[in-house]
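Here's the structure we're looking at; comments come further down.
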Amino acid sequence: MATDPTLDPALRCWVPSAHAEGTDFPIQNLPLGCFVADGAAHVGVAIGDQVLDLRAARDGGHLDGLPAATAEALGQGPLNALFACGRAALTALRGRVSVLLRADTPAGVRGQGDAARLLRPMREVTMQLPCAVGDYTDFYASIDHATNVGSMFRPDQPLLPNYRHVPIGYHGRSSSLIPTGTPVRRPHGQLAARPEGPPTFGASARMDYELEVGAFIAGGNPLGTPIPLREAEGHIAGLVLVNDWSARDIQSWEYQPLGPFLAKNFATTVSPWVVTLDALAPFRAPARARAADEPAPLPYLQDRGNAAAGAVGITLEVWLRTASMRARGVGPERLSHGGFTTMYWTLAQLLAHHASNGCNLRPGDLLASGTVSGPERTSRGCLLELAWRGAEPVTLASTGETRSFLADGDEVILRGWCEAPGAVRIGFGECRGMLVAADPGEEA
Ligand code: CA
């Protein structure tokens with residue numbers, strides 16, 4: 001990994017904004033996304049404040065010699081066809097894009113001369129979901145989140161006995177995955193004030209966000225063929241930020257015995273840029289160590305490489321901007337900050353477990369981590385935990401407002417980035433969405 005030339009901190013890019021202080025998208029990042037321009041979906045790479053159009057690059061002769069399947073996949077978004085080419089093809093493409101964007105290569109000089117055709121200002125394009133997601137699975141991989149939530153609902157037994165053995169997950173809904181910036185309408189549902197009911201039907205009064213990291217599948221496996229843990233990362237294209245919007249009052253009534261359903265399938269926001277595992281290589285970290293009194297994972301969830309570097313060092317933040325903040329012209333306020341290395345299960349373990357029964361994962365499928373919470377109060381990844389089920393409302397400094405749950409007009413912004421000695425900082429961009437009032441027509 002140290003010899004990967006695309007990660008060299010000394011690389012110079014001919015796109016000036018790729019060197020802007022604090023940019024999420026230097027030449028060492030090169031995340032993939034799907035943008036809409038001129039009525040068509042394109043495959044793009046974020047570079048500084050620009051988007052490199054890979055079809056234009058291909059058609060302009062800047063990517064000659066790519067395998068036919070890769071070249072074909074660059075012709076049209078979303079990224080499913082490209083991810084179907086597999087992780088190695090993405091690595092090879094990344095190498096070519098890096099050379100094309102370098103200021104000191106013949107290909108880069110030629111690319112710069114063709115910049116007007118290759119680049120589009122990011123602010124002028126609309127980002128779609130990176131993939132047409134066939135299946136979306138949401139896990140529950142933070143033991144701190146599971147313990148916090150469990151202690152609210154089961155004080156005598158916060159963590160169920162299975163947690164340290166089996167990565168808990170459920171099949172989510174792909175049709176309601178939405179790109180960043182899409183408003184989220186407050187849902188209606190069955191609400192029960194007491195655990196035994198009876199319920200009423202109305203607008204949720206306990207709306208929440210969940211800070212999560214998602215992994216898009218590259219390659220995949222045939223039905224009936226598991227993916228061993230040591231090969232799992234070979235099936236991950238890259239990572240995004242995910243907000244798993246949740247209606248806590250609907251959830252607490254409906255979740256037993258089959259788990260989340262309508263409390264979570266009305267909207268899930270996904271950030272637009274898929275940060276590849278190649279770009280994340282300098283930021284890998286050991287998987288969370290288990291204490292001496294904790295059980296070891298079963299053998300199919302154990303691997304030396306996974307233990308040594310299965311985690312990803314992403315700093316994660318949640319920001320909130322209320323309607324009142326917008327009216328006063330003040331910026332968003334940070335609600336929490338934490339890191340992705342505190343997760344109990346690694347992404348590779350989640351993927352290997354998912355396929356361990358032969359379940360087939362397909363290119364463009366999305367696996368989300370579950371709410372990312374750390375051990376500190378400041379690193380709790382949802383309002384349910386931050387405000388402790390309403391017992392400790394969060395006060396917003398700039399306006400004096402308080403929040404136990406989200407109010408209409410609240411905009412939730414997730415941010416993530418990676419820093420490490422000897423590496424250039426890279427970021428994920430934003431995962432942003434605003435909660436809007438429930439449809440009044442449904443009240444009748
Ligand atoms: Ca979730």
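Quick caveat: nothing in here was measured; it's all calculated off a predicted structure. Remember, it's 1-based here, ligands and their atoms both numbered in the order they're listed.
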Parallel, tilted or perpendicular: ring planes of H145 versus Y140, cut at 30 and 60 degrees: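 Rings of H145 and Y140: perpendicular, over 60°.
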
At the Ca ion (ligand 1): angle between D244 atom OD2 and D138 atom OD2, to 10 degrees: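 My answer is 80°, to the nearest 10°.
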
Shortest-distance N/O/S atom, E212 versus the Ca ion (ligand 1):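 Result for E212 and the Ca ion (ligand 1): OE2.
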
Closest E210 atom to the Ca ion (ligand 1) [N, O or S only]: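 The E210 atom nearest to the Ca ion (ligand 1), restricting to N, O or S, is OE1.
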
Between T137 and H354: side-chain donor-acceptor atoms closer than 3.5 Å: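 Side chains of T137 and H354: pair found under 3.5 Å.
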
Pair E430, S271: side-chain N/O donor-acceptor within cut-off below 3.5 Å: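 Judged by distance alone, the side chains do not pair up.
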
Ring-face cation of R185 near W245 (centre distance under 6.0 Å, axis angle within 45°):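 No; the conditions do not both hold, so R185 does not lie above the ring face of W245.
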
